[in-house]
Protein chains: 2
Amino acid sequence: MISEAVENYLKMIYELQNETGKVSTNALAEKLGVAPASVTGMLKKLAEERPRLVNYERHHGVSLTPAGQKIALEVIRHHRLIELYLQQALGYSWDQVDAEAEKLEHVISEDFEDRIDALLGQPEFDPHGDPIPTKGLQLARPDHPRLSELAAGQSGRVSRVRDDDPALLRYLAELGIIPDATLTVAGKAPFGDTLSVRVGAESDSPSHTLGRPVTDQVFVEIQGK
Amino acid sequence: MISEAVENYLKMIYELQNETGKVSTNALAEKLGVAPASVTGMLKKLAEERPRLVNYERHHGVSLTPAGQKIALEVIRHHRLIELYLQQALGYSWDQVDAEAEKLEHVISEDFEDRIDALLGQPEFDPHGDPIPTKGLQLARPDHPRLSELAAGQSGRVSRVRDDDPALLRYLAELGIIPDATLTVAGKAPFGDTLSVRVGAESDSPSHTLGRPVTDQVFVEIQGK
DNA sequence: TTTCTTTTTTAGGCTGGCCTAAATACTGCG
DNA sequence: CGCAGTATTTAGGCCAGCCTAAAAAAGAAA
């Protein structure tokens, strides 16, 4: 049986792998809120599992084997489906869903998964715009630029917002910066660390000034201009 | 923090207490699928918890303290709300809900509880007719007789069906023996171990022959005759 | 290349929750 | 009352998953 701890390790390895390429013991420890020594111990066990769940060579980081990736994607599918379900069916706001999904993802049955998937109409994205792996564990990974990377004058559609910080999510929701919103970079301060952004399609849409910590967390599919 | 194991012990103690009065180490061990020695160990810990969760004297069984009962009722409220939610909102059949609720009951937040409670309209009974403790943890305990205790000719309303055995639940559902169904004892075989029961309010309702293992699991609120 | 810093691993320990086997306490019957 | 049989507890262990402190390896800088 795969324990909750193992599921979390695999999920985190997967996410780090796709964010920063390499996965170090330290980074993993930090993300998991656990001492580095604990990570080393766990990685050894995962590498000795049969079938092997990770490729691990001491001092050289870790990566998922196909078996490990399969489990990671199952957990991620659970997580994102649950997030969307909580929002759609139970009225959660998008800054609340992550915490609850974190716990539920490890306990729901295949049956539960199928039922909410059907109820939601086989959705493709969760409330933050993260793609939901299909039943067959295929995962679309559209790689859009960060809002902070857009040039003045460019505009596009918000595709995804990083879901780490509930306070930031609440703030963004207030501004209307949610997936599918239309954004236009009205101006860019010198050195590019502050943007003036118009939210909405019209030219009289409200405009806001956003700093780097914000604009780095928003991903935009460039469209117009 | 209260662990899942502790929650299960307290829940089981509560249930045994209300089924058979006294709660023995062995009975608890069997219900939990655990060795008796393990139960002894856990009971000691629960009795040393501050606040104390159980009253425990070696060789003399165990009972819940108010603090222990509070936790037990919270878990039971979770369990039964979830059962009903799974049935009403996700289309589970009543023989499937118990297994899923068993896992979910330990992880949902207060918020989740409130939301499904509201969505279901503050329900009073779960799919098997078990009462759902209120938010304030008040629990109605209507104590109706078992179907097996009815005399020939008596009739009544099914109030509750024991939820232990999914196969039995499926069988009963097929016969239409579910909470609120009307039942009449058409006949009783010698020694009372087999009943002929009419399911439904009309006098031409279908009648079935039921043995003791079945009739002991169905509780009836006597009405007519 | 050698040294210094940072990262990672080893070593040793702890807790929770379970186990088996063996000892002991209750209980009911002769 | 005493003894057999059952119920319960003690003793000793195991495993998962975490910890800290200390050692060792890797990598950067001089």
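So you know, we letter chains A, B, ... as the sequences are listed, proteins then strands, and number each from 1.
- Proximity of residues 31-60 of chain B to DNA chain D (heavy atom under 4.0 angstrom from any strand atom) is restricted to Pro36(B), Ala37(B), Thr40(B), Lys44(B), Tyr56(B), Arg58(B), His59(B).
- Between Ile82(A) and Ile116(A), some side-chain heavy-atom pair lies under the 4.5 Å cut-off.
- Sorted by residue number, the members of residues 2-11 of chain A with any non-hydrogen atom under 4.0 Å from DNA chain D read Ser3(A), Ala5(A), Tyr9(A).
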Q.
side chain to side chain donor-acceptor pair (under 3.5 Å), that's the test. Do Asp95(B) and Ser93(B) meet it? Break it down for me.
A. CA-CA 6 Å; Asp95(B) 59 294; Ser93(B) 61; 2.7 Å; yes
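- For the pair Arg80(A) and Phe125(A), the cation-pi criterion (under 6.0 Å, within 45° of the ring axis) is not fulfilled.
- Lys22(B) places its NZ atom 11 Å from the P atom of dT8(D), with the value rounded to the nearest Å.
- Counting only N and O atoms by type, the side chains of His128(B) and Asp98(B) include no donor and acceptor under 3.5 Å apart.
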Can Glu105(B) and His79(B) be said to form a side chain to side chain donor-acceptor pair (under 3.5 Å), step by step? CA-CA 5 Å; Glu105(B) 66 188 12; His79(B) 184 92; 2.6 Å; yes
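- Between the side chains of Ser109(A) and Glu100(B), a donor-acceptor pair is found at a separation under 3.5 Å.
- The cationic atom of Arg160(A) (NZ for Lys, CZ for Arg) lies less than 6.0 Å from the six-membered ring centre of Phe219(A) and within 45° of the ring axis.
- Per the geometry, CD belonging to Glu30(B) stands 13 Å off C1' belonging to dA7(D), to the nearest Å.
- Ring-plane geometry between Tyr85(B) and Tyr85(A) is classed as perpendicular, the angle between the planes exceeding 60 degrees on a 0 to 90 degree scale with a lower cut at 30.
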Readout for nucleotides 1-6 of chain D: B = base within 4.0 Å of protein heavy atom, S = sugar-phosphate only, - = neither; 5' to 3' it is ------
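- Side-chain N/O atoms of Thr65(A) and Asn55(A) include no donor and acceptor closer than 3.5 Å.
- Side-chain contact between Leu53(A) and Ile71(A): present, with at least one pair of heavy atoms (C-beta onward) separated by less than 4.5 Å.
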